[in-house]
Amino acid sequence: MGSSISRWPNEKPPEKSYRILGHWFRSRCSLGFLYWFAALLMIALSAFLTSGIGSFDTTYDVIWRSWAAPLHPQWAEGIDERVRYIVVHVRLARICLALAVGGSLALAGAVYQGVLLNPLADPFTLGVSTGAAFGASLYILFGWAGGHFWGMSSLPIAAFLGALAALYLVYALGRVDGQIHTTTLILAGIIVSTFLSAWIGVLKSLNEDSVSTIVFWVMGSLSGKSWGHVLLVLPYLVAGGAVILYYARELDLLTLGDVPAQQLGVDVQQIRFRLMLAASLVTAAAVSVSGVIGFVGLVVPHLVRLGLGPHHRRLLPAVFLAGAVLLLMSDTLARSSLPNGQELPVGVVTAILGGPFFCYLMLHRKKYLQL
Amino acid sequence: MLSNASSKKIPATVIHVHDLRCGYRQRSVLRGISFDVQQGEFIGLLGPNGSGKTTLLLALSGVIPAQSGRINVMQQPIFQVKPKERARRMAVVTQDTAVHFPFVCEEVVRMGRYPHQSRWQLEDAQDAAVVQRAMQLTDTETLSQRLITAISGGEKQRVSMAKALAQETPILLLDEATSAMDIHRKLQIFRVLRHLNQEGELTIIAVLHDINLAALFCRRLMLLKEGLLVADGQTGRVMTSEILQEVYDAEVLVHEVAETGKKQVVFLP
């Protein structure tokens with residue numbers, strides 16, 4: 001039973017044996033390969049260039065020799081051990097963390113927008129980020145921060161639970177007669193987010209020493225982060241990212257709406273649930289090391305969609321890379337624009353960069369935003 | 001259940017509905033409906049607003065569950081069929097064709113291949129050929145690189161139809177699928193559907209508001225009123241002024257047009 005009886009008249013299906021790897025590569029990957037190669041090269045280049053910027057002056061020659069030292073120890077000869085430490089363990093770690101956090105937030109934003117059919121959705125506007133920050137600060141307040149989970153720090157798990165709680169609350173509030181509306185959902189997200197921000201303030205007042213500064217949680221910062229933090233996010237990012245990429249095709253179909261997606265054979269309830277979990281996990285991992293950073297998840301997917309179209313198999317990796325580069329740039333500005341080694345919170349920089357772009361969308365593309 | 005369903009002489013029952021009650025929350029929109037559909041039928045589903053036509057299509061496609069009763073699609077209860085397999089048996093074109101993301105039309109049509117693709121397999125030559133053929137049949141090739149968000153309602157419906165044809169299913173359900181098209185396009189699409197129905201044994205159930213269009217192309221009509229099946233039979237037998245008057249609560253004249261041999265309806269003011 002199936003397609004054989006419905007085969008169109010006078011039409012023989014083409015031979016299926018045609019699918020060989022060579023054909024596959026020729027038809028889809030020849031340009032794709034170049035494109036990804038260029039994107040990765042751009043990431044490496046921007047990491048290299050931003051390494052040279054900051055309150056501690058160094059030359060690109062020193063940087064590149066310090067980076068290459070693990071491959072060939074002689075290259076690092078003549079470089080002060082202290083300088084090498086700053087270049088590799090302070091700056092490069094922070095750069096990698098910025099890339100990971102930025103990519104995560106943008107990826108999560110793209111998923112929320114696709115799954116909820118809501119152009120205003122992102123980890124911040126849905127309250128997920130603040131929920132994660134709340135979960136993490138609660139966890140630190142109770143002094144469980146040394147806890148481990150399968151050998152990994154369990155801080156992101158606490159943030160994940162906070163994120164899910166916030167998301168559930170927003171969903172419950174944003175539902176009107178069983179329907180989810182674009183604007184009510186975002187309104188609910190902002191209410192929950194503001195409310196939880198206040199509670200983070202309370203937690204901070206309860207214990208001045210352990211919970212980091214409010215500015216860190218609410219505006220985000222990558223200051224003073226090490227390779228340890230990179231390793232903290234990475235497993236969760238890889239796990240969540242894998243789930244998201246696994247369902248990239250389904251994301252395309254979900255953007256048609258629930259009923260059409262179901263009629264095309266997508267198990268809508270189940271796949272949406274898994275995608276929301278994965279996006280929240282990725283967000284929570286990012287927030288647990290960086291605090292709440294807004295606008296990256298909102299703006300980057302729109303920007304990339306304008307260029308590449310909404311096809312998620314192509315869109316998602318590009319969104320990750322673009323988010324990574326955007327946050328790296330923002331963080332470089334955050335740590336270098338003030339004199340005397342002072343830093344801006346990186347969330348301030350992303351808001352300053354992202355705000356005007358979003359104003360443009362609001363003013364000129366209201367239809368696109370479904371407002 | 002028919003044991004000789006696979007035999008070639010006797011057409012197989014592709015849809016079997018028995019005493020179906022179905023609706024939203026506590027309310028039943030359909031209040032006990034039974035019918036069978038044989039392979040290769042072309043059925044028009046008519047009835048006034050709120051009579052349960054759309055609900056019936058949603059139930060048949062497994063989107064909303066039955067409150068009681070039975071729906072079998074190809075000898076299997078619909079809720080036992082996995083989503084992907086369901087989409088290989090039955091394609092649906094709904095009235096609402098809004099797409100909010102700026103896909104190009106060809107990408108939308110390609111989504112119709114989803115139920116035939118395994119996870120790690122990208123599109124192959126057969127998928128491409130089927131998509132191309134579906135776009136030929138619906139005359140949407142010229143739209144293939146246009147954005148779905150930037151074309152007219154009638155054009156969207158043609159793309160939507162192409163997507164459903166790309167699913168290559170033995171059953172096709174249409175819910176006012178041509179409502180935004182002009183008369184020329186409507187006839188064109190229905191001629192293609194008739195061709196697929198007669199040559200390819202595609203089973204079609206079409207919800208229509210236009211009774212005359214139904215009379216031209218459907219060989220069987222089912223009339224719904226207030227959640228009950230009021231009339232069900234060959235188009236010529238069901239198209240009587242008595243039956244239509246009862247279903248639509250309006251004065252009706254039914255004429256046979258000599259040139260086509262088909263009955264047509266005129267509502268009296």
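Each chain gets a letter, A, B and so on, in the order its sequence line appears, and its residues count up from 1.
Looking at Ala98(B), the atoms closer than 4.5 Å to chain A (heavy atoms on both sides) all sit in the backbone: N, CA, C or O. Neither the backbone nor the side chain of Val268(A) comes within contact range of chain B; no heavy atoms are under 4.5 Å apart.
Under a 3.5 Å cut-off, the side chain of Thr13(B) and the backbone N or O of Ile15(B) do not form any donor-acceptor pair.
For the set Leu264(A), Val266(A), Thr255(A), Asp267(A), the count of heavy-atom pairs under 4.5 angstrom toward chain B peaks at Leu264(A). Each of Glu107(B), Gln117(B), Met90(B), Lys82(B) has some count of heavy-atom pairs under 4.5 Å with chain A, and the biggest count is that of Glu107(B).
A side-chain contact (heavy atoms from CB on, under 4.5 Å) with Ile186(A) holds for exactly one of Val170(A), Asp122(A), Asn118(A); it is Asn118(A).
Ring orientation note: the planes of Phe190(B) and Phe217(B) are tilted relative to one another, at an angle of 30° to 60°.
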Working for side-chain hydrogen bond (donor to acceptor under 3.5 Å, both in side chains), residues Tyr112(A) and Thr125(A): CA-CA 10 Å; Tyr112(A) 288 132; Thr125(A) 54; over 6 Å; no
